[in-house]
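Below, chains carry the letters A, B, ... as their sequence lines are ordered, and counting in each starts from 1.
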Protein chains: 2
Amino acid sequence: MRLTERKIAATLRQHGYKLTPQRRAVMRTIASTQDHLTPAAIYQKVHKDHPSIGLVTIYRTLDILAKLELICELHAGGSCRSYTVGARGHHHHLICSNCGEVIDFTGYDLTQLEQRLSRQTGFEIEGHLLEFIGLCQNCQKND
Amino acid sequence: MRLTERKIAATLRQHGYKLTPQRRAVMRTIASTQDHLTPAAIYQKVHKDHPSIGLVTIYRTLDILAKLELICELHAGGSCRSYTVGARGHHHHLICSNCGEVIDFTGYDLTQLEQRLSRQTGFEIEGHLLEFIGLCQNCQKND
DNA sequence: TATATAAATGATAATAATTTTCATTTACAA
DNA sequence: TTGTAAATGAAAATTATTATCATTTATATA
Ligand SMILES: [Mn+2]
Ligand SMILES: [Mn+2]
Ligand SMILES: [Zn+2]
Ligand SMILES: [Zn+2]
């Protein structure tokens, strides 16, 4: 079942956030489409109904909604990049959210899943991204 | 086995790229650490040995190395964001690299792997990111 | 080894994305 | 109602990324 504006609003309330017209507008926009939207795209849509809204409010609202896991952040290609040496061959990553340490791991095969998805959706799949985020041992010690 | 500067250089050659001191310096820097580094961080490191290098050259070199899969791009938290409504509960994504369409999929469980990784590395894993990138049916038709 | 030439570089500017600051407004608890 | 902390929007500041273009350079080949 999809998340409605009403549902989102309730969760905001539960967490002590005020329910402003601007936030409603952002929620409505996001809840009204399957697309993934950049902050700028959301701004443009919201702006139609709510011409006085500021882009900053979009960013702030998105941060809150993401923190509450009401929306989710995607990391497709393009910007937002950092690099590490490529271990030989295909592999995946384990990333420390605190210090940025990256551990490569191999031996986990996603081709079965890839084929299933391709069959089910008609997508021609070119690649994938599998990353685990957490705290490395060091960063656990130092709180 | 880790990728050495020498190995990287050979691959560059094979693909018809010239071997410049700047590129060597970038390769050396990347090959010399396990860390993942932002373009800015790489620039700072390279800049020490090679004060005249331009940041633009870093970007250009990284693009090439990524294209040749000698390094890999990470998408941890932070910037590079676009949003989609959260389907009820945890799910993963299939993203069209051309038009940006996103399909959520569920029913793929990574907790086994997560536990294995946690045991092996001592990481306290907080979450993960699993995304497949490809072309949706529409974008396949329209080339 | 000298030379021709396409490729690469770096300075600079342009663009785009994101965050900070701060004075003003507003949601909502009491 | 009213008080107050929270939220907003304008503007500026930062930061990331890309485009342009004159100059330099790696390297194939004579
Ligand atoms: Mn993989
Ligand atoms: Mn998952
Ligand atoms: Zn760490
Ligand atoms: Zn598409």
Side-chain angles (χ1 to χ4, degrees), chain A residues 5 8-29 36-68 71 73-83 100, chain B residues 5-6 8-29 36-68 70-71 73-83 100:
Chain A
E5 181 191 344
I8 301 177
T11 308
L12 269 193
R13 264 247 171 64
Q14 277 169 28
H15 288 80
Y17 292 100
K18 290 183 179 176
L19 221 43
T20 67
Q22 292 90 339
R23 283 177 181 168
R24 284 179 190 286
V26 171
M27 297 182 305
R28 189 174 316 123
T29 297
H36 73 130
L37 302 168
T38 62
I42 293 168
Y43 174 68
Q44 285 177 9
K45 279 172 178 278
V46 172
H47 193 260
K48 285 175 192 159
D49 287 359
H50 210 293
S52 71
I53 199 170
L55 179 55
V56 194
T57 296
I58 305 289
Y59 275 105
R60 287 190 282 226
T61 304
L62 292 175
D63 283 347
I64 292 168
L65 296 180
K67 188 170 301 175
L68 298 180
I71 58 178
E73 212 173 306
L74 299 183
H75 296 268
S79 38
C80 174
R81 304 178 298 186
S82 67
Y83 296 87
Chain B
E5 183 192 343
R6 183 177 298 267
I8 300 177
T11 307
L12 269 192
R13 265 246 170 66
Q14 276 168 31
H15 287 79
Y17 291 101
K18 290 184 179 176
L19 221 43
T20 68
Q22 292 91 339
R23 285 177 179 167
R24 284 178 190 286
V26 172
M27 296 181 305
R28 190 175 315 124
T29 297
H36 72 131
L37 301 169
T38 62
I42 292 168
Y43 174 68
Q44 284 176 9
K45 280 172 178 277
V46 172
H47 193 261
K48 285 175 192 159
D49 288 359
H50 210 294
S52 72
I53 199 170
L55 179 55
V56 195
T57 297
I58 305 289
Y59 275 104
R60 287 190 283 226
T61 304
L62 292 175
D63 283 347
I64 292 168
L65 296 179
K67 187 170 301 175
L68 298 179
L70 292 168
I71 58 179
E73 213 172 305
L74 299 182
H75 296 268
S79 38
C80 174
R81 303 178 298 187
S82 65
Y83 296 88

Between the axis at one end of the helix from C/dT1-D/dA30 to C/dA30-D/dT1 and the axis at the other (five pairs apiece), what's the angle to 10 degrees?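 Helix axis angle between the two ends: 40°.
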Write down the distance between [atom1] ([X]) and [atom2] ([N]), rounded to a whole number of angstrom.
X: A/His50; N: D/dA7; atom1: NE2; atom2: P; answer: 15 Å
X: A/Asp63; N: C/dT18; atom1: CG; atom2: C1'; answer: 10 Å
X: A/Gln44; N: C/dA17; atom1: CD; atom2: P; answer: 10 Å
X: B/Tyr59; N: D/dT15; atom1: OH; atom2: P; answer: 12 Å
X: A/Tyr43; N: C/dA17; atom1: OH; atom2: C1'; answer: 14 Å
X: A/Ile53; N: D/dA10; atom1: CD1; atom2: P; answer: 10 Å
X: A/Ile58; N: D/dT8; atom1: CD1; atom2: C1'; answer: 12 Å
X: B/Arg23; N: C/dG10; atom1: CZ; atom2: C1'; answer: 14 Å

For the residue pair B/Tyr17 and B/Leu68, establish whether any side-chain heavy-atom pair is separated by less than 4.5 Å.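 They are in side-chain contact.
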Side chains of A/His47 and A/Leu55, heavy atoms from C-beta outward: is any pair under 4.5 Å?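 Result no, sub-4.5 Å side-chain heavy-atom pair not found.
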Need to verify one output field. Residue with the more 5' nearest nucleotide on DNA chain D, B/Tyr17 or B/Ala40?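 Closer to the 5' end of DNA chain D: B/Ala40.
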In Å and rounded to the nearest 0.5 Å, what is the [atom1] to [atom2] distance from [X] to [Y]?
X: A/Gln44; Y: A/Ile58; atom1: CD; atom2: CD1; answer: 10.5 Å
X: B/Thr57; Y: B/Ile42; atom1: OG1; atom2: CD1; answer: 13.0 Å
X: A/Ile8; Y: A/Leu19; atom1: CD1; atom2: CG; answer: 11.0 Å
X: B/Asp49; Y: B/Thr29; atom1: CG; atom2: OG1; answer: 7.0 Å
X: B/Arg24; Y: B/Arg6; atom1: CZ; atom2: CZ; answer: 9.0 Å
X: B/Leu12; Y: B/Arg23; atom1: CG; atom2: CZ; answer: 6.5 Å

Report yes if at least one side-chain N or O of B/Arg13 is closer than 4.0 Å to OP1 or OP2 of D/dT27; otherwise report no.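 Yes, because at least one side-chain N or O of B/Arg13 sits under 4.0 Å from OP1 or OP2 of D/dT27.
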For D/dA7, take OP1 and OP2 only and decide whether either is under 4.0 Å from a side-chain N or O of A/Gln22.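 For D/dA7, neither OP1 nor OP2 has a side-chain N or O of A/Gln22 closer than 4.0 Å.
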Report the C-alpha separation of A/Arg60 and A/Ile64 in whole Å, then their side-chain angles, then the decisive distance to 0.1 Å, and conclude whether the side-chain contact (heavy atoms from CB on, under 4.5 Å) test is met. CA-CA 6 Å; A/Arg60 287 190 282 226; A/Ile64 292 168; 5.6 Å; no
Between the protein and nucleotides 21-25 of chain D, list the N/O to N/O atom pairs that are separated by less than 3.5 angstrom.
none

Please determine, for the side chain of B/Thr57, which listed nucleotide (C/dT18, D/dG9, C/dT9) has the closest atom?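 Side chain of B/Thr57 sits closest to C/dT9.
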Listed nucleotide nearest any side-chain atom of A/Pro39, set D/dT8, C/dC28, C/dT18: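 From the listed options, C/dT18 comes nearest.
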